[in-house]
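Read the structure below first, then the notes.
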2 protein chains.
Amino acid sequence: MSERRVRRATIADVAGLAGVSTATVSRVINHAGTVAPETARHVRAAIETLDYRPHAAAQVLARNRTNTIGLVFPEISGYYFASLLRGIAGGAGTYGYDLLIYSAQESATYRTAFQYPVGEQNTDGLLVFTDGLPEGELRRLHARGFPVVLIHWSPPAGLEIPSVTTENKASAYRLVDHLIGVHGRRRIVFLAGPEEHEDSHWREKGYRQALEAHRIPIDGALIAAGGSDREVARATVARLLRDGLDFDAIFAGDDDSATGALTALLEAGRRVPEDVALVGFDDIDIAQHLNPPLTTVRVPVEQIGREAVGQLVHLIRTGEADLLTLLPTQLVIRRSCGCNVVH
Amino acid sequence: MSERRVRRATIADVAGLAGVSTATVSRVINHAGTVAPETARHVRAAIETLDYRPHAAAQVLARNRTNTIGLVFPEISGYYFASLLRGIAGGAGTYGYDLLIYSAQESATYRTAFQYPVGEQNTDGLLVFTDGLPEGELRRLHARGFPVVLIHWSPPAGLEIPSVTTENKASAYRLVDHLIGVHGRRRIVFLAGPEEHEDSHWREKGYRQALEAHRIPIDGALIAAGGSDREVARATVARLLRDGLDFDAIFAGDDDSATGALTALLEAGRRVPEDVALVGFDDIDIAQHLNPPLTTVRVPVEQIGREAVGQLVHLIRTGEADLLTLLPTQLVIRRSCGCNVVH
DNA sequence: CGCTATAATGTAAGCGGTTACATCATACGG
DNA sequence: CCGTATGATGTAACCGCTTACATTATAGCG
């Protein structure tokens, strides 16, 4: 452990050992230019002998690109996060980029001089999830022509920044339409996500339109805060039950709150789906393992991550990307809505 | 979007505008050396005007340290991962390090010259989760005196590499002892994790010792593969039920398999905990929301991440770290074991 | 008032690569 | 047999910053 650090070999060491210039070594490493096969072999042998690896920072400085993309997150939690990251890490690997991640929740107090530890100074482009970056910083980056792609978040007014997200409204509509049309529910609670969560707005819109289509008046008392959070949703539903609110179904804006809602319902002795039908949104891993298995909408989370990386890389390399990438979702009917699908 | 990239200001631009040398600008940026307050103000104004940020690679090259730690993962999934990463990202932020992450599952085919995209060439130290790195690479890094800290993984024979993990055996023992002593179960299935998963071995050891302590013979038929995976566990338990194996409890090696086991039990019409008591290990977020809420062992995942970063930073800075950091766990009794705790 | 300690700042040599350009052999066509 | 295109390699400037050392100005002191 207290092993002293070994001095690392440099390209000059390799050149010396192989009896060539550093330029030739560089050519071998990067498969650039022309090198005689014999020479290349010597160089490779020298690299092997010295256990040489190019110093990344030196390459970055000389090439003027970092080969790294940055990922900015407001916070790290839940299944959703893991799936998305898997997609992003996979995408980055595929395209040959390193991945630098930064979570806004970190106490960045130590950084006195410059506010954001990730940006033009150490990456070739940034992936920003929801409101991970304040608008000012986003504008600054955009003004500099720095590549940025947003995930699950639309750019602030006036900024043409590509974004990648999923279709929300139509599937929310179909879900609620299913509850009404197939299962005859009419008093449907909607558990909304946090204000900043755009997806939630669209899901609520789908909910409202489905009710309207069936000529069911919107009852404000049925729209409550789910917070995209198990505990919040559990508390909310517990309160609704205590207040004696009349409802026969719950559409949770996301599966996390659906989970909390389910807990609250069971704790209160309500049967799902007999007394109260329950549906969610996202299809997180756990959804199918709940009891009863959750009817929800499958959001291709991992694919969103991959697609975002793809757009970013394209933006970095060509200066262009699609302004909006909308990935399709899919209804997943299980048992919590009242259907009797064998799984 | 097709906005052309703006040329970035360099330290020389700032120096020029402020009418000082680059050395002085550097001193201001790094709060090093002595600079007259008046001068410093001018420099800061110039930085502001030019919207200057130091080029990270140039700093790295000049200082000979990257201020970055690398995290290597075999794969990205589940609640466990998110919690651990939260701890690590938080720790890195606290200590002022950037976080470069690399998942071994990525197809690294494009990297022809050098095998690992993360290592001495672009980080000051590495955090390796379970078997994220092949032993050869680990040995190479260790031989070079490069700082590495292992998480949930012991170093291969002969390598003195610090590792951070949790206590497993004693709590597994207490859990199984609880099933036997309090709930009178004697036919207890153990769902083991994958071979490479060290924790699983210790948990199994705790299981065996608890049985022995109660003079219950070990029945090999009761030890089955849980795979640390919901689907695997579900399939395994479904098979055990189909085979008509006699058992009155299941100790799942981790909560993920507990979840799968629960699904299989309910699908087969077994009541939990009346017919079969069920306990897990880890206390993932979802555990308390299962029906019934899961009795398990709380593993301080996030804290493990923070602690690992702490050890790594200490190792980087001083060349020393604790060879083994074992964090304590805690029994969490809920209802799936048969207890009637109100939650 | 001259000398020296100290504060403030500048100069320039790296850090470890990449790459435009120069150089040198060799092969080939007329 | 010579001129030239081509392949192989070397030379050295440069990427943007840090920092040891040199330099200059200022102040304190006997």
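We name chains A, B, ... by the order of the sequence lines, and we start the count at 1 in each one. All values below come from the heavy atoms of this structure, side chains included, with hydrogens, waters and symmetry mates left out.
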### Task
Apply the side-chain contact (heavy atoms from CB on, under 4.5 Å) test between A:Leu127 and each candidate in A:Leu150, A:Val309, A:Leu84, A:Val72; give the one that qualifies.
A:Val309

### Message
Under a plain distance cut-off of 3.5 Å, with no hydrogens placed, do B:Arg53 and A:Asn122 share a side-chain donor-acceptor pair?
### Response
no

### Residues A:Arg140 and A:Glu135 bridged, charged N to O under 4.0 Å
no

### Query
Of the nucleotides C:dG16, C:dG10, D:dG10, which one has an atom closest to the side chain of A:Ala23?
D:dG10

### Message
On DNA chain C, compare the nucleotides closest to B:Ser21 and B:Ala62; which residue's is nearer the 5' end?
### Response
B:Ser21

## Note on the structure
Testing C:dT18, D:dT18, D:dC15 for proximity to the side chain of B:Ile11, the answer is D:dT18

#### Entry: 5' precedence on DNA chain C between B:Asn64 and B:Arg27 (nearest-nucleotide basis)
B:Arg27

### Query
B:Thr24 side chain N/O closer than 4.0 Å to the phosphate oxygens (OP1, OP2) of C:dT9?
no

### Query
What nucleotide among D:dT18, C:dG17, D:dC17 has an atom nearest to a side-chain atom of A:Pro54?
C:dG17

### Query
Over how many whole Å does the gap from A:Leu61 atom CG to D:dT18 atom C1' extend?
12 Å

### Under 3.5 Å side-chain donor-acceptor pair for B:His314 and B:Tyr95
no

### Spacing between A:Asn122 atom CG and D:dC17 atom P, to the nearest angstrom
13 Å

### Summary
Contact check, residues 33-46 of chain B vs DNA chain C, heavy-atom distance under 4.0 Å, returns B:Thr34, B:Val35, B:Ala36, B:Thr39

### Ring geometry between B:Phe81 and B:Phe73 (parallel below 30°, tilted from 30 to 60°, perpendicular above 60°)
perpendicular

### Residue whose nearest DNA chain D nucleotide is more 5′ - B:Ala58 or A:Thr22
A:Thr22

